[in-house]
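Reading through the structure tokens given below for one structure.
Since this is a predicted model, take the numbers as computed values, not measurements. Below, each value reflects all heavy atoms present in this structure, side chains not excepted, and no hydrogens, waters or symmetry copies.
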Amino acid sequence: MWIEEEMQKRFGSKRSAKEEILARYASFIYMGNGQYGFATAAEYYFGRSLATFTADDADKAALLAGIAKSPRDYAPNAKDSSRESLRRRNQTLALMAANGFISRDRC
């Protein structure tokens with residue numbers, strides 16, 4: 001709450017503060033295999049810039065989102081985790097579809 005209040009003072013609105021907090025979090029979160037941040041992880045795991053992802057890459061985005069929960073368990077190169085990372089990816093895709101972010105046929 002304190003960080004949000006301080007960021008709100010700096011950025012002028014609660015929404016801007018929340019967006020800045022999320023952007024910073026997304027840049028510094030550990031993503032497994034020595035990678036930090038979603039953009040770096042996209043390059044490492046898929047050899048592509050996160051900015052190039054489209055709706056057709058929902059599976060890749062879901063895999064990255066799943067890694068954030070537990071990099072040790074869900075990072076693709078983690079020991080014995082290929083099944084777990086795919087299960088988590090599929091769970092994330094199902095949630096994205098249930099909430100209307102992607103169509104059901106992308107699951």
As an exercise, state the distance from [atom1] of [X] to [atom2] of [Y], rounded to the nearest 0.5 Å.
{"X": "Lys69", "Y": "Gln91", "atom1": "NZ", "atom2": "CD", "result": "6.0 Å"}
{"X": "Ile67", "Y": "Arg89", "atom1": "CD1", "atom2": "CZ", "result": "11.5 Å"}
{"X": "Phe53", "Y": "Arg48", "atom1": "CZ", "atom2": "CZ", "result": "5.5 Å"}
{"X": "Gln8", "Y": "Met1", "atom1": "CD", "atom2": "CE", "result": "10.0 Å"}
{"X": "Asp59", "Y": "Thr92", "atom1": "CG", "atom2": "OG1", "result": "11.5 Å"}
{"X": "Tyr45", "Y": "Phe38", "atom1": "OH", "atom2": "CZ", "result": "11.0 Å"}

Report task. State plainly whether the residues Arg10 and Glu6 are in salt-bridge range, i.e. N to O under 4.0 Å. Result ->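 Judged by the 4.0 Å cut-off on N to carboxylate O distance, Arg10 and Glu6 do not form a salt bridge.
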Report task. Give a yes or no on whether a salt bridge exists between Arg88 and Asp73, defined as a side-chain N under 4.0 angstrom from a carboxylate O. Result ->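 Between Asp73 and Arg88 there is no salt bridge, as every charged N stays at least 4.0 Å from the carboxylate O atoms.
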Query raised in the report: For Ser16, which residues count as a side chain to side chain donor-acceptor pair (under 3.5 Å) partner, sequence neighbours excluded?
Result: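 Here the qualifying residues are Ser13.
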Of all the heavy-atom pairs spanning [X] and [Y], show the shortest one and how long it is.
{"X": "Arg104", "Y": "Ala98", "result": "NH2-CA, 3.8 Å"}
{"X": "Ala68", "Y": "Ile29", "result": "CB-CD1, 3.6 Å"}
{"X": "Ala41", "Y": "Gln35", "result": "CA-CB, 4.5 Å"}
{"X": "Tyr74", "Y": "Glu84", "result": "CD2-O, 3.6 Å"}
{"X": "Pro76", "Y": "Ser85", "result": "CA-OG, 4.3 Å"}
{"X": "Leu93", "Y": "Ala58", "result": "CD2-O, 3.6 Å"}

Requested in this report: Answer yes if Tyr25 and Ile3 sit in the same cluster of Ile, Leu, Val, Met, Phe, Trp and Tyr residues linked by side chain heavy atoms under 4.5 Å apart, and no otherwise.
Outcome: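 Cluster IDs for Tyr25 and Ile3 differ.
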Query raised in the report: Do any N or O atoms from the side chain of Asn90 and from the backbone of Arg87 form a donor-acceptor pair under 3.5 angstrom?
Result: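 No, Asn90 side chain to Arg87 backbone: no donor-acceptor pair under 3.5 Å.
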Query raised in the report: Would you say the side chain of Phe46 lies within less than 4.5 Å of the side chain of Asp57, judging by non-hydrogen atoms?
Result: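 No; the side chains remain at least 4.5 Å from each other.
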Query raised in the report: Do Met31 and Thr40 come within less than 4.5 Å of each other through their side chains, counting heavy atoms only?
Result: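 No; the side chains remain at least 4.5 Å from each other.
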Query - Connected hydrophobic set around Phe28, excluding itself, where side chains approach under 4.5 Å - result: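 Taking Ile, Leu, Val, Met, Phe, Trp and Tyr as members, Phe28 stands alone, with no cluster partners.
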